[in-house]
Number of protein chains: 2
Amino acid sequence: MSNDEHIYQQILNAIVEHQLPPGARLPEDRLSEAFSVSRTGIRKVLQRLALEHFVIIEKNKGAHVNRPSETEASEVLDSRMLIEPQLIPALLSHWDLTQSKRFRDMVLEEKQAEATNQLAESIQLTARFHYELANLSGNQVLARFIEQLCYRSSLILAAYGTRGSVGCECGDHTQLLDLLDEKKSDQAQVWMHHHLQHIKSSLILDSTTDNNIDFQQLFTH
Amino acid sequence: MSNDEHIYQQILNAIVEHQLPPGARLPEDRLSEAFSVSRTGIRKVLQRLALEHFVIIEKNKGAHVNRPSETEASEVLDSRMLIEPQLIPALLSHWDLTQSKRFRDMVLEEKQAEATNQLAESIQLTARFHYELANLSGNQVLARFIEQLCYRSSLILAAYGTRGSVGCECGDHTQLLDLLDEKKSDQAQVWMHHHLQHIKSSLILDSTTDNNIDFQQLFTH
DNA sequence: TTCCTATAAACTGTATACAATGTTATTTAT
DNA sequence: ATAAATAACATTGTATACAGTTTATAGGAA
């Protein structure tokens with residue numbers, strides 16, 4: 001892997017795993033010394049992350065981890081609800097026991113990470129489950145897009161997630177795998193839609209976040 | 001508009017309008033002197049274009065306009081077929097006479113550009129028709145993605161298009177507008193799917209392109 | 001103290017320099 | 001004349017320098 005790519009992955013992971021929380025500043029000097037490259041290389045990576053909406057770059061103010069707006073959060077989940085279920089027919093044409101086993105192992109890892117409170121691992125695996133499925137559809141263009149949306153979803157959970165967002169998930173990913181094994185395309189699609197809807201519902205999206213407090217209403221009783 | 005953004009748009013337009021055909025090299029210093037900025041600014045733009053698949057950057061070899069592979073072409077069109085029809089219900093909820101007029105004007109411009117052989121304008125307007133529709137759906141995330149796919153489609157037409165690809169289009173965009181005016185959601189979705197399928201069918205995707213010639217078969221008679 | 005202003009520090013934006021790599025042209029030998 | 005080898009050139013990769021802007025700090029007046 002090229003060096004740029006390595007730095008990109010490191011920073012992206014840190015963001016997705018909430019090590020770098022939304023709003024965290026990303027000064028070029030600090031990063032360049034951390035990775036022992038010049039600012040040139042860091043800027044390249046930051047600009048890429050900005051295009052992919054993981055960081056925001058403000059002119060003369062530098063980069064910070066994106067704090068997704070509520071509409072952004074909503075739109076990302078809506079996009080996934082629109083696309084991911086539709087990938088299931090194509091996906092099923094590549095589905096066999098080997099794949100089934102692979103994904104079941106993934107779910108096992110997922111549960112284990114959750115049980116041992118390895119939050120970072122848990123987040124990564126949850127996202128990975130979804131975008132590896134998308135990948136099986138065979139359409140690289142859509143798969144890459146879904147991959148991005150999955151990572152952005154992790155960022156969204158960091159900002160608006162509740163305890164229920166990651167954990168319970170109205171019955172876990174195993175249910176989907178069962179449906180896929182039985183080639184129940186329609187039911188699998190419905191399940192996927194419900195699943196994503198559930199995640200979206202678990203978010204706290206009622207515009208009562210810090211920067212938008214209505215003091216008038218708050219103190220007038 | 002920031003200067004970077006300006007340069008980006010200029011180069012992107014040139015690519016989309018086939019002024020810079022697939023495979024065309026994009027040397028940094030030539031561009032930097034054309035836009036009278038340093039190579040730094042150019043590299044930034046080129047890297048963005050590379051992430052968006054409009055150009056390819058090869059290490060130590062620089063950038064050239066992407067020549068989409070057949071699978072890429074196929075996947076981009078498939079992606080559009082999957083998404084664009086689905087946007088129609090949401091789109092219809094924002095549809096009114098003002099919008100109808102706006103899009104009918106656009107189609108008029110489109111026809112006019114085509115009639116007067118303004119190929120560049122014609123290409124831009126065809127793409128714009130689709131991504132402005134996507135925009136009306138209200139989901140910015142999906143709309144930006146569709147916008148990119150529309151521009152990539154222009155590049156694909158440059159590589160694999162036939163005379164039929166741009167022009168005839170199995171009845172033009174007006175038909176869709178009529179369906180939208182009548183709020184016939186389902187029929188509009190079907191139309192959109194057919195429309196994109198037609199474009200895809202008009203491409204020459206039979207792997208008999210230059211780099212893949214079977215000389216054995218060609219000279220053994 | 002509190003607020004405003006002035007100064008200093010930190011950081012980013014852009015250009016340029018130099019090294020590394022790739023490409024082309026020229027030479028030399030067969 | 002052709003092919004390989006070498007040298008000259010062109011182009012990219014990366015680091016660094018300097019200017020411009022923002023942010024933090026310190027000092028002084030109300």
Side-chain angles (χ1 to χ4, degrees), chain A residues 1-12 14-15 19-69 155 210-211 215 219, chain B residues 1-15 19-68 155 210-211 215 219:
Chain A
M1 180 160 43
S2 94
N3 197 29
D4 290 335
E5 191 67 18
H6 174 250
I7 296 174
Y8 166 81
Q9 280 297 339
Q10 292 273 108
I11 298 181
L12 178 56
I15 292 174
Q19 316 266 338
L20 289 170
R25 300 205 54 221
L26 302 168
E28 298 176 356
D29 290 339
R30 221 74 61 74
L31 290 171
S32 67
E33 99 183 34
F35 290 104
S36 52
V37 294
S38 80
R39 277 176 52 212
T40 310
I42 295 297
R43 286 180 69 84
K44 186 167 152 187
V45 170
L46 288 178
Q47 276 154 18
R48 172 170 178 191
L49 289 166
L51 282 175
E52 296 171 347
H53 302 102
F54 296 113
V55 316
I56 302 287
I57 296 179
E58 283 170 303
K59 175 132 179 155
N60 288 322
K61 288 195 182 179
H64 58 90
V65 178
N66 183 21
R67 191 194 306 277
S69 70
L155 200 49
D210 48 6
N211 50 1
F215 290 100
F219 297 117
Chain B
M1 178 160 44
S2 95
N3 197 29
D4 290 334
E5 191 67 18
H6 174 250
I7 297 173
Y8 167 81
Q9 280 297 339
Q10 292 275 107
I11 298 181
L12 179 56
N13 282 344
I15 292 174
Q19 316 268 338
L20 288 170
R25 298 204 57 220
L26 303 168
E28 297 178 356
D29 42 9
R30 220 76 59 74
L31 291 171
S32 68
E33 98 183 35
F35 290 104
S36 53
V37 294
S38 80
R39 279 176 52 213
T40 311
I42 296 296
R43 285 179 70 82
K44 187 168 153 187
V45 170
L46 288 178
Q47 275 154 20
R48 172 169 177 191
L49 289 166
L51 282 175
E52 296 171 347
H53 302 101
F54 297 114
V55 315
I56 301 288
I57 297 180
E58 282 169 305
K59 174 129 179 156
N60 287 322
K61 288 197 181 176
H64 58 90
V65 178
N66 183 20
R67 190 194 307 276
L155 200 50
D210 49 4
N211 50 1
F215 289 100
F219 296 118

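Residue numbering restarts at 1 for every chain, and letters A, B, ... go by the order of the sequence lines. Computed from a prediction, not measured in an experiment: that's the story for all the values here.
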Once you round it to whole Å, what is the distance between [atom2] of [N] and [atom1] of [X]?
| X | N | atom1 | atom2 | result |
| --- | --- | --- | --- | --- |
| His64(A) | dT23(D) | NE2 | P | 11 Å |
| Ile57(B) | dT11(D) | CD1 | P | 16 Å |
| Ile42(A) | dC11(C) | CD1 | C1' | 15 Å |
| Gln47(B) | dG13(D) | CD | C1' | 10 Å |
| Glu28(A) | dT14(D) | CD | P | 16 Å |
| Glu58(A) | dT23(D) | CD | P | 9 Å |
| Lys44(B) | dG13(C) | NZ | C1' | 8 Å |
| Leu46(B) | dT11(D) | CG | C1' | 13 Å |

Taking only N and O in the side chain of [X], is any of them less than 4.0 Å away from OP1 or OP2 of [N]?
| X | N | result |
| --- | --- | --- |
| Lys59(B) | dT14(D) | yes |
| Arg39(A) | dG13(C) | no |
| Ser38(B) | dA15(C) | yes |
| Arg43(A) | dG13(C) | yes |

For residues Asn66(A) and Pro22(A), report the shortest heavy-atom separation together with the two atoms involved.
->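 What the structure gives for the nearest pair is O-CB, 3.6 Å.
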How far apart are the closest heavy atoms of Ile57(B) and Leu46(B), and which atoms are they?
->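 Scanning both residues, the minimum pair turns out to be CD1-O, 3.8 Å.
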First locate atom CD of Glu52(A), then atom CG of Leu12(A), and finally report the distance between them rounded to the nearest 0.5 Å.
->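 Between atom CD of Glu52(A) and atom CG of Leu12(A) there are 7.5 Å.
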Interatomic spacing from CD1 in Ile7(B) to OG in Ser36(B) - rounded to 0.5 Å =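 These two atoms lie 8.0 Å from each other.
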Could you say whether Lys61(B) or Arg25(A) is positioned toward the 5' end of DNA chain D, judged by the nucleotide with the nearest heavy atom to each?
->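 Per heavy-atom nearest nucleotide, the more 5' residue is Lys61(B).
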